[in-house]
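This report refers to the structure that appears directly beneath it.
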Amino acid sequence: MKRKIILLLLGAAAAMTLSACGSDNTETEATVQETTASTEEETEETLSSITPSDYLVEDAENYITAESLEGLEATQYTYEVTDDMIQEQIEEELYLYREETEVERAAESGDIIYLKLTATVEGSDDSYEENTYFSLGDAEYGEDFDEALIGASAEDELSFDITFAEDASDTTFIDEEWNGQTVHFEAVIESVCEVADPEYTDEYISENTDYSSLEEYEEALREALEAEYEEISTSDVLDTLFYAALEVCEISEIPDDLYDSCYEETIASYGAFLDTTDVEEILAEFDITEEDLETEVQELAQRRLLISYICESNDIEITEDDYFSYVEEYADYYGYDSAVDFETDMDRSYLVWSMYEAKAGEILYNAADITTEVYDEEEFEEEDLDEEEEYLEEDSES
């Protein structure tokens, strides 16, 4: 029951933005122009014609009004890239190049153990079987589980019980249904493998990366992390500004065609992970209600109505050539063979709205009252804890 962790990037429009607000866009614009010049003929042959403005809500001011969207207040958090973060990246890269060697001895912490596992929750007649593996010491199913496997050898057959804590799924990869339950495991050991990480040297760097030395490689890692956190910083503050803008707006109604398109896109976003558009199946698999889904669709529709209003009020125009350049650039960035394949996977509507959201976000950002603050992880963890305790208190009183 080893679960694959998926990050649902359902609202990742900011990640598709060509330029960060408040930054120098000269280099990016030059790159786009070069891409346009070299690919325009091919692009027009492969991507069908488009009028991006057709996607905006026409006469958006009939549905939404706001006295002013200037001076919205928001805090933009900045992030310091530390040596520890660089080291963590290095260790993750080394992990990808580690070598496994099958051994005949008993399993030790740090080994990888391959096995056939059968799990049965106490009191249930249903069992779950899988051929899987565990890296002993990572405590994927908890420390007690790893301890039960340490000392086992190939062809051993083990039988043991583990009683999981009520919140075990928060810190391990067990199924939520196992929380607070005693689970009986039957394990048939197939093999035990010793793991060796590569030696972190200049030679390793030159053989496995595009860099020639540790110093050059680590500097590139730092620059990449700084760029990544700058994107996070921009994305987060734009989200804050869009929510703040909606707070000062009055929305009379959501046009039916806008609601319908947002509903279809939301279902498609969830369904992409399950290869289905069956609503009941999606609700069950993601453990959400129809009310949750309705809220998400309404929020997306309101946001796009606001984007239309801002772009309409500021005469924002995105041309067909702008769109072609955008799709070509990101198709190349994500390694697609063609812009058409990229557009098909991402959906044309989503891409157009991403471009307009970037334009609207830039207008909000330039007109906002932004306070810059260095992100303090410990401070935020304390605030989250306080909010959770407050929620629990209110819940117990009700």
Side-chain angles (χ1 to χ4, degrees), residues 11-66 68-70 72 231 234-235 237-239 241-242 245-246 249 251 254-255 257-258 261-262 265 300-333 339-340 342-343 346-368:
M16 301 294 295
T17 305
L18 286 174
S19 58
C21 297
S23 63
D24 184 358
N25 301 326
T26 306
E27 183 178 347
T28 301
E29 289 173 356
T31 302
V32 175
Q33 289 170 0
E34 291 172 6
T35 303
T36 305
S38 62
T39 64
E40 185 173 6
E41 182 176 350
E42 178 186 349
T43 303
E44 291 179 346
E45 291 176 355
T46 55
L47 291 171
S48 59
S49 183
I50 182 174
T51 305
S53 59
D54 287 346
Y55 288 80
L56 295 175
V57 178
E58 188 175 359
D59 297 325
E61 73 276 4
N62 293 338
Y63 307 98
I64 182 171
T65 56
S68 175
L69 295 178
E70 295 188 2
L72 297 175
E231 284 187 7
T234 301
S235 174
V237 74
L238 289 178
D239 252 355
L241 288 172
F242 274 112
L246 284 169
C249 290
I251 297 177
I254 300 293
D257 55 350
L258 175 62
S261 66
C262 290
E265 183 174 317
L300 179 59
Q302 290 172 3
R303 190 175 182 119
R304 289 187 171 173
L305 184 58
L306 173 62
I307 291 167
S308 298
Y309 175 80
I310 293 172
C311 290
E312 186 178 80
S313 302
N314 290 272
D315 297 323
I316 298 298
E317 180 184 6
I318 292 176
T319 67
E320 183 177 69
D321 286 343
D322 293 334
Y323 177 76
F324 288 164
S325 297
Y326 181 80
V327 176
E328 283 286 345
E329 179 175 0
Y330 278 97
D332 180 65
Y333 179 81
V340 171
F342 176 72
E343 184 188 57
M346 296 303 296
D347 184 72
R348 171 170 280 199
S349 174
Y350 173 81
L351 293 172
V352 173
W353 279 110
S354 296
M355 295 183 72
Y356 276 116
E357 179 163 333
K359 296 287 188 181
E362 187 172 0
I363 289 171
L364 288 177
Y365 186 93
N366 290 335

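Throughout, numbering of the chain's residues begins at 1 and tracks the sequence. None of the values given here were measured: they were computed from a predicted structure. Scope of the values below: all heavy atoms of this structure, side chains included, with no hydrogens, waters or symmetry mates.
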Distance from Glu343 atom CD to Ser48 atom OG, nearest 0.5 Å?
6.0 Å
Residues which pass side-chain hydrogen bond (donor to acceptor under 3.5 Å, both in side chains) with Thr319, listed by chain and number, not counting sequence neighbours
Asp322
Would you sort out whether Ser49 and Glu320 count as a side-chain hydrogen bond (donor to acceptor under 3.5 Å, both in side chains), showing the intermediate values?
CA-CA 7 Å; Ser49 183; Glu320 183 177 69; 2.7 Å; yes
Within the 4.5 Å heavy-atom criterion, are Asp257 and Val57 side-chain neighbours or not?
no
Mind checking whether Phe242 and Gln302 have side chains closer than 4.5 Å, heavy atoms only?
no
For Glu70, is the CD atom crowded, meaning more than 12 foreign heavy atoms sit under 6.0 Å from it?
no
Under a 3.5 Å distance rule, please check whether Ser261 uses its side chain to pair with a backbone N or O of Leu258 as donor and acceptor.
yes
Would you check if Ile318 and Val352 make a side-chain contact, meaning some heavy-atom pair closer than 4.5 Å?
no
Does a side-chain heavy-atom distance below 4.5 Å link Glu328 with Asp332?
no
Of the non-hydrogen atoms in Leu72 and Ala368, which two are nearest, and what is the gap between them?
O-CB, 3.2 Å
Are the side chains of Arg303 and Asp239 in touch, meaning some heavy atoms are under 4.5 Å apart?
yes
Contacts of Ser349 that satisfy side chain to side chain contact (heavy atoms under 4.5 Å, CB included) - sequence neighbours left out
Tyr55, Glu265, Arg304, Asp347, Trp353
Expected output: side-chain Tyr309 to main-chain Asp59 donor-acceptor under 3.5 Å
no
Under 3.5 Å donor-acceptor, Ser235 side chain and Glu231 backbone:
no
Check whether any side-chain heavy atom of Cys249 lies under 4.5 Å from a side-chain heavy atom of Thr65, and answer yes or no.
no
State, yes or no, whether a side-chain contact exists between Leu56 and Tyr356 at a heavy-atom distance under 4.5 Å.
yes
Nearest-0.5 Å distance that lies between atom CD in Glu357 and atom OH in Tyr350
8.0 Å
Heavy atoms, side chains only, cut-off 4.5 Å: are Tyr330 and Met346 in contact?
no
Can you name the residues that form a side chain to side chain contact (heavy atoms under 4.5 Å, CB included) with Asn314, not counting sequence neighbours?
Ile310, Ile316, Ile363
Run the numbers on Leu69 and Leu364 for side chain to side chain contact (heavy atoms under 4.5 Å, CB included), then give the verdict.
CA-CA 7 Å; Leu69 295 178; Leu364 288 177; 4.1 Å; yes
Leu241 side, atom CG; Asn366 side, atom CG - distance, nearest 0.5 Å
10.5 Å
